[in-house]
Amino acid sequence: MKKLPLHWQIVIGMVLGVLFGLLISSFSWGGRFVNDWIAPFGTIFIKLLKLIAIPLIFTSLVKGISDLKDISSFRNIGVRTILIYISTTVVAITIGLLLVNTLKPGTGVSPETIDELTRTYAQDESITSNIREATQQEKGPLSFLVEMVPDNIFAAFANNSLMLQVIFFAIAFGISMLLIDPKKVKPLNKLIDGLNEVILKMVDLIMLMAPFAVFALLAQIIASSGNMEILQKLLFYGVTVVIGLAIMITFYLLVVYLVAGKSPGWFIKGIAPAQLLAFSTSSSAATLPVTMERVTDHLGVDNEVSSFVLPVGATINMDGTSLYQAVAAIFIAQALHFPLEFTDQLIIVLTALLASIGSAAVPGAGMVMLVIVLEAIGFPADKLAIGLALIFAIDRPLDMLRTVVNVTGDSMVSVVVAKSLGKLHNKKSSSHHSIRSL
Ligand code: ASP
């Protein structure tokens, strides 16, 4: 019998997880049961994906660079990637701004709702800690460059949030391999190749757990989700973000079609499991191993391209997040009657661009950086907590959706960069054996 494709297995896991979450929430002990007995499996899955992320980035990036003919091809990949990433993020922010300024979701929020949301959430520990985290960061304009350079590689390897430092080291390592006598470096090439294969196989093995893990993750999200009535009051704001995210996905599909001549079905089918995991985990960093596997093996992007474009994208390219930040910042300003000039909108474009580079690829990170966007337009510091309280209740579902856009955007850029360099292959790479051959 033909095996059900992975994305369908994951979809079934998700649907059953939602149904189970709804059912069990009707019992008073339901939430506790899910936390004690179901949620741990989702947590284990996310830990395994994170476990594999750093070794995977290191081996595949070193392999990708050391397989190149010369350094100039790497420069080509690097420059194109960064330029396209900046452009797509600016497109995302512009779409967000256009939508929120036309639909004006903030103007209809009644003073009672604002009061209620402020009372319920403004003192919430996650909001106060978000503000603390964002305002503590006294950063100069070039601090992101300084932070990218590691001073101790073991410290970088030991911290998942220092992925850019690992990328930096891997690039320096790969380039140095290219620069020395090929005879001397041959054993190392073989070692890195072998390690890379093993790690890819580990991704395959971890993915066997995916349908069960998404069941656990979604059951937990549903069982711990709060007051649905409040969600309804924020519906118009939520819908504005969702329309923006949908436009972004359509934009990606169009670009893939125009640049690579590939159909939307081909693209979505290729990366669907990564999108579904992005939705279930709300973390592009945790999804990264799967994104890399799908883009390389199913879309035919050469490892030389995907090994650079995807890890860099997971950390610095977050179109969904920056679109959401633009909409959320203006929504808060509209609801709290904070006047905005045209220049403020331009400031939002710039800070949301920088914020998406600075946001960690983990759940809820976009909200921390939103504080920085709000501060940049002169939003009063004593009202920050009220502002965040307005959007807090609906943040998790929006986080799930914007993470899908973040991951889809990175995958689209890999296809475009690969196509432009003649590195988009038609056939699946046969570099590693599928799990079915086990
Ligand atoms: N959760 C998002 C990601 O990992 C970041 C955010 O928007 O909060 O891509």
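Counting starts at 1 for both ligands and their atoms, following the listed order.
- In this model, no donor atom of one side chain and acceptor atom of the other lie less than 3.5 Å apart for Ser356 and Gln325.
- Looking only at atom types and distance, the side chain of Thr321 has a donor-acceptor partner in the side chain of Asn406 under 3.5 Å away.
- Checking only distances, Val362 does come within under 3.5 Å of ligand 1, N or O to N or O.
- Not a single ring-ring contact (aromatic ring centres under 6.0 Å, His included) links Tyr257 to another residue, sequence neighbours left out.
- In the vicinity of Ser283, heavy-atom distances shorter than 4.0 Å reach the ligand 1 atoms 4 (O).
- Checked for salt-bridge contact, Lys201 and Asp204 meet the test: a charged N lies under 4.0 Å from a carboxylate O.
- Each of the atoms 6 (C), 7 (O), 8 (O) of ligand 1 lies under 4.0 Å from some heavy atom of Arg402.
- No hydrogens or angles considered: a donor-acceptor pair under 3.5 Å links the side chains of Asn101 and Gln345.
- Looking at atom 9 (O) of ligand 1, its nearest protein heavy atom turns out to be Ser284 OG, 2.4 Å.
- Any N or O atom pair closer than 3.5 Å counts here, and Ala360 shares no such pair with ligand 1.
- Between Ala365 and ligand 1, an N or O atom pair is found at a separation short of 3.5 Å.
- Per-residue contacts place Thr321 under 4.0 angstrom from the following atoms of ligand 1 (heavy atoms of the residue considered): 5 (C), 6 (C), 7 (O).
- Under the rule for a ring-ring contact (aromatic ring centres under 6.0 Å, His included), Phe267 has no partner lying at least two apart in sequence or in another chain.
- Close approach to Gly364 involves these atoms of ligand 1, each under 4.0 Å from a residue heavy atom: 8 (O).
- On a distance-only criterion, Gly366 and ligand 1 share at least one N/O pair closer than 3.5 Å.
- Using a cutoff of 4.0 Å between basic side-chain nitrogens and carboxylate oxygens, Arg294 and Asp297 are not scored as salt-bridged.
- Nearest protein heavy-atom contact of atom 2 (C) of ligand 1 is Thr403 OG1, 3.3 Å.
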